[in-house]
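Before any comments, here is the structure.
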Amino acid sequence: MISRREFVRITTAAGAAMLVSFNTSCRNKISRWRFLTGEEISLLDAIVEQIIPTDDFPGGRWANVSNFIDRQLDSYYRKHQVAYREGLSAMGMTVFQLKGRKFEELPFAEQTDMMEMMESGTFPGDYWEEHSPAGFFNMLRDHSLQGFYGSPVHGGNREYISYRMLGLDYPNIIGQNRYKDLSWRIYDAKSPANGK
Amino acid sequence: MANKRVNAVVVGAGAGGGVVAKELATGGLSVVLIERGRWHSYDEHGDDELTSQRTFPLKCGFGPDNERNWRMSPDGKNGWVKVFPNQWSYGNNAACVGSGTVSYGAMAWRFQPDDFRLKSKYGAVPGSTLEDWPLTYEEIEPFYEKAEYEIGVAGDPTNDPFVPPRKKPYPMPAFSLNGEGIILEKAAWRLGLHPFPIPMLRNSVPYNGRPACIRMRTCVGYACPVGAKAGTQNTVIPAALKTGNCELRINCMVSEIMIDDKGRAKGVRYFDADNRLQEQVSDIVVVSASASESARLLLNSRSRLFPAGAGNNNGWVGRNIQDHAYAGAYGLFEEEVYDDVGPGACIAVNDFNHRIPGIIGGGVLCNEFIRMPYQFTSIRPRNSKMWGIEHKDFQKRYFRRHIAVHGPAQEMPVFDKKVEVDPVVRDFWGIPVARISGSRHDNDIKAGRFLAEKAEEWLKEAGAVSTWQAVPGKESTPSQHQSGTCRMGNDPATSVTNKFGQLHEIDNVFIADGSLHVNNGGYNPALTILALGYWVGGHIIDMWKGTKMK
């Protein structure tokens with residue numbers, strides 16, 4: 001895990017007093033998050049909403065995808081902690097320089113433009129040291145989809161929302177919705193139902 | 001305290017090892033079955049897609065773990081990179097009691113008779129070490145039958161004109177087709193193909209004291225909640241333990257086969273559950289740890305007479321690793337084709353397994369197991385948007401309106417596609433790790449493209465409004481179907497074991513897993529591995545009766 005000193009060095013070296021102060025202000029509060037800061041979560045919430053937008057079904061933000069990612073960063077994805085700390089900070093600073101506003105404050109369509117730039121490799125990579133904007137984008141994309149479509153046991157997919165969206169009964173309750181009467185279609189090699 | 005000497009140590013409680021342990025234990029030998037993993041249950045895993053054995057971004061639920069196991073893989077720049085079990089480049093196979101048979105899809109294929117004499121049928125293949133098996137289909141047939149009856153297979157070959165000859169019917173009736181299976185069956189008949197239900201190591205009716213299948217959507221990649229899916233963990237391993245002759249030691253990692261000065265095995269060294277180095281002395285050692293790990297164990301067992309590893313004086317251990325060049329197609333439909341009747345895969349055609357001009361082998365074509373929601377996020381036509389509203393729309397519209405058809409194209413054995421042990425890198429226990437490298441033979445790509453073409457035609461006939469193919473590439477790391485690294489043969493110069501799985505060079509060491517396969521058929525290999533377990537186990541018993549392997 002990146003040390004606090006290292007984080008300050010990276011961010012101040014990049015001249016982002018803004019983000020450092022956010023981080024400091026959060027420092028002594030009890031956070032509901034495990035690894036990410038409140039500031040990082042608000043940026044991440046906007047990102048996951050871009051990956052899985054709200055339509056007639058809720059999107060990534062409502063489904064607690066950021067919570068999924070935060071939880072994994074404290075367990076299976078500890079190896080990605082540096083990438084997230086660096087990536088979210090670099091992304092936030094770059095957007096602020098380009099647009100004069102925070103990513104999460106931009107109109108949805110402008111956020112989408114930024115995401116497209118990251119995906120295509122045209123997003124400025126100045127603030128990245130160990131990773132690239134495109135590499136970070138791919139990780140965000142994949143992790144967000146895991147959080148939305150994976151099992152709720154990992155902290156995302158709130159109320160099985162993606163399962164409901166796909167018309168899958170949920171949760172899978174053994175002995176209830178899984179015992180189906182399939183006797184009407186026992187395989188019969190001679191039956192006309194089998195196409196001959 | 002030293003472990004008591006036993007007749008046989010079996011390394012690995014998967015498909016091959018589970019069967020051998022049971023055969024030896026019921027034959028009266030004292031057996032220690034050593035497994036690096038542990039017991040798993042459905043309750044522990046549920047239907048969690050992110051830690052299944054099918055999609056495993058967080059971890060491989062059925063092992064091995066990322067904390068103690070890694071391998072080296074080519075980095076594409078003439079170097080090596082460390083890879084972990086939940087990366088595709090690792091080439092994982094489950095590590096638990098039952099191994100892959102706990103979480104597999106349970107297709108129960110017999111190889112075609114021609115698969116055992118591929119070289120005779122097609123001739124020598126440039127760039128491949130292709131050879132006939134030293135045993136024929138007729139010799140292995142009774143052992144296929146034994147596997148089908150003891151482990152339990154449901155099937156009906158009536159409509160398959162290419163079914164390998166069988167003396168007895170399947171012990172259980174075939175599974176009914178799900179919704180997409182019925183659509184595909186009709187389309188196949190219209191195309192002049194010969195569709196039939198996939199034989200499954202899964203109870204269609206109560207059998208062997210276990211209940212019938214409840215058609216879960218999460219089957220392949222998951223444990224079965226009711227035990228309807230048959231693996232060695234709920235059949236032969238309990239039977240072995242029940243004899244009183246077999247002790248199962250879990251969470252134990254074997255590091256070496258001990259070889260004496262006369263060049264015979266005297267047992268194994270292993271790290272126990274508390275990571276203490278132990279020795280288990282035995283008359284016989286049976287290695288059934290999967291094609292990659294069995295080869296690794298032999299290569300790591302160096303001694304004066306076998307400086308390059310046990311049974312490897314000819315340099316063939318670890319060579320010729322194969323898997324399958326999976327190929328197929330996806331089709332999108334106007335109407336819903338999804339009916340949530342698992343496991344999904346149910347219908348097959350054997351029409352493209354052999355009998356294809358210009359292609360050696362080929363493979364069976366089947367509809368695919370149910371694609372769960374996260375897995376489906378990456379199933380898109382080329383150049384599709386992979387995020388955003390367009391991606392979500394596709395997910396919503398097509399999850400229930402798509403069918404996947406694919407098949408395991410038979411791979412040609414290639415000498416330089418191989419498992420080695422890394423000279424430097426060691427695992428958690430300090431055991432040199434495996435590194436797997438090499439490229440597929442051109443025939444594999446050709447066969448894969450042919451199968452993909454046929455899969456696409458089948459989907460179009462079934463009414464797909466949009467289709468696309470998925471074809472294999474040159475680079476791959478053999479994983480769940482890995483095979484071929486200790487192949488059997490009559491010529492000790494170009495094989496590792498004789499036709500009974502006995503090492504040419506060390507007569508009290510046997511192999512009983514996919515490593516023995518000379519080639520890997522155009523089918524999922526589980527039933528063949530189980531049958532070879534019975535074959536090898538039976539011959540060990542015969543030899544034991546005569547000589548006690550002294």
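Each chain gets a letter, A, B and so on, in the order the sequences are listed, and its residues count up from 1. The shown structure was predicted, so the numbers you read here are calculated from the model rather than taken from an experiment.
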Members of residues 366-376 of chain B whose heavy atoms come closer than 4.5 Å to chain A: B:M372, B:P373, B:Y374
Close approach to chain A in residues 82-90 of chain B, criterion heavy atom under 4.5 Å: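 Expected list: none.
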Residue among B:H391, B:E49, B:M386 with most heavy-atom pairs under 4.5 Å to chain A: B:M386
Partner chain A: residue of B:R190, B:R397, B:K385 with the largest heavy-atom pair count (under 4.5 Å):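 Top count of heavy-atom pairs under 4.5 Å with chain A: B:K385.
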Do NZ/NE/NH1/NH2 and the carboxylate oxygens of [X] and [Y] come within less than 4.0 Å?
X      : Y      : value
B:R400 : B:D340 : no
B:K59  : B:D65  : no
B:K186 : B:E461 : no

Heavy-atom proximity to chain B below 4.5 Å, by part of A:Y163: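 Contact with chain B involves the side chain of A:Y163 alone.
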A:E49 portion near chain B, given a 4.5 angstrom heavy-atom threshold: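 No part of A:E49 comes within 4.5 Å of chain B.
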Parallel, tilted or perpendicular, as decided by the 30° and 60° cut-offs, for the rings of B:Y330 and B:H402: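 The arrangement is tilted - the two ring planes meet at 30° to 60°.
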Pairing donors with acceptors under 3.5 angstrom, does anything connect the side chains of [X] and [Y]?
X      : Y      : result
B:T51  : B:D48  : yes
A:Y84  : A:H143 : yes
B:D160 : B:H194 : no

Trace of the salt bridge (Lys or Arg N to Asp or Glu O under 4.0 Å) decision for B:R401 with B:E335: CA-CA 6 Å; B:R401 292 182 181 83; B:E335 304 296 325; over 6 Å; no
Is a donor on one side and an acceptor on the other found under 3.5 Å between the side chain of [X] and the backbone of [Y]?
X      : Y      : answer
A:K99  : A:E105 : no
A:Q111 : A:L106 : yes
A:T54  : A:G59  : yes
A:S162 : A:F148 : yes
A:T94  : A:A90  : yes

Distance in Å, A:Y149 OH paired with A:N157 CG, rounded so as to fall on 0.5 Å steps: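 Rounded to the nearest 0.5 Å, the OH-CG separation comes to 9.5 Å.
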Approximate separation, where rounding is to 0.5 Å, of B:F56 CZ and B:N92 CG: 6.5 Å
Sub-4.5 Å side-chain heavy-atom contact between B:F196 and B:I347: no
Heavy-atom side-chain contact between B:V364 and B:F162 under 4.5 Å: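 Contact flag for B:V364/B:F162 side chains = no.
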Most chain B-contacting option - heavy-atom pairs closer than 4.5 Å, from A:M165, A:Q50, A:Q146: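 Among the listed options, the one with the most contacts to chain B is A:Q146.
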Option in A:P53, A:G150, A:S151 with maximal non-hydrogen atom pairs under 4.5 Å from chain B: A:P53
Part of B:Q395 within contact of chain A (heavy atom distance under 4.5 Å): both
Interface residues of residues 134-142 of chain A facing chain B - heavy atom cut-off under 4.5 Å: A:F137, A:R141, A:D142
Per-residue contacts, residues 66-76 of chain A versus chain B, heavy atoms under 4.5 Å: A:F68, A:Q72, A:Y76
Criterion salt bridge (Lys or Arg N to Asp or Glu O under 4.0 Å) on B:R217 and B:D339, from CA distance to verdict: CA-CA 10 Å; B:R217 72 172 79 103; B:D339 63 357; over 6 Å; no
Stepwise salt bridge (Lys or Arg N to Asp or Glu O under 4.0 Å) test for B:E148 and B:K168: CA-CA 10 Å; B:E148 287 168 349; B:K168 281 167 79 174; over 6 Å; no
Audit row: A:D55, B:K392, side chain to side chain contact (heavy atoms under 4.5 Å, CB included) steps and yes/no: CA-CA 9 Å; A:D55 49 10; B:K392 191 182 181 190; 2.8 Å; yes
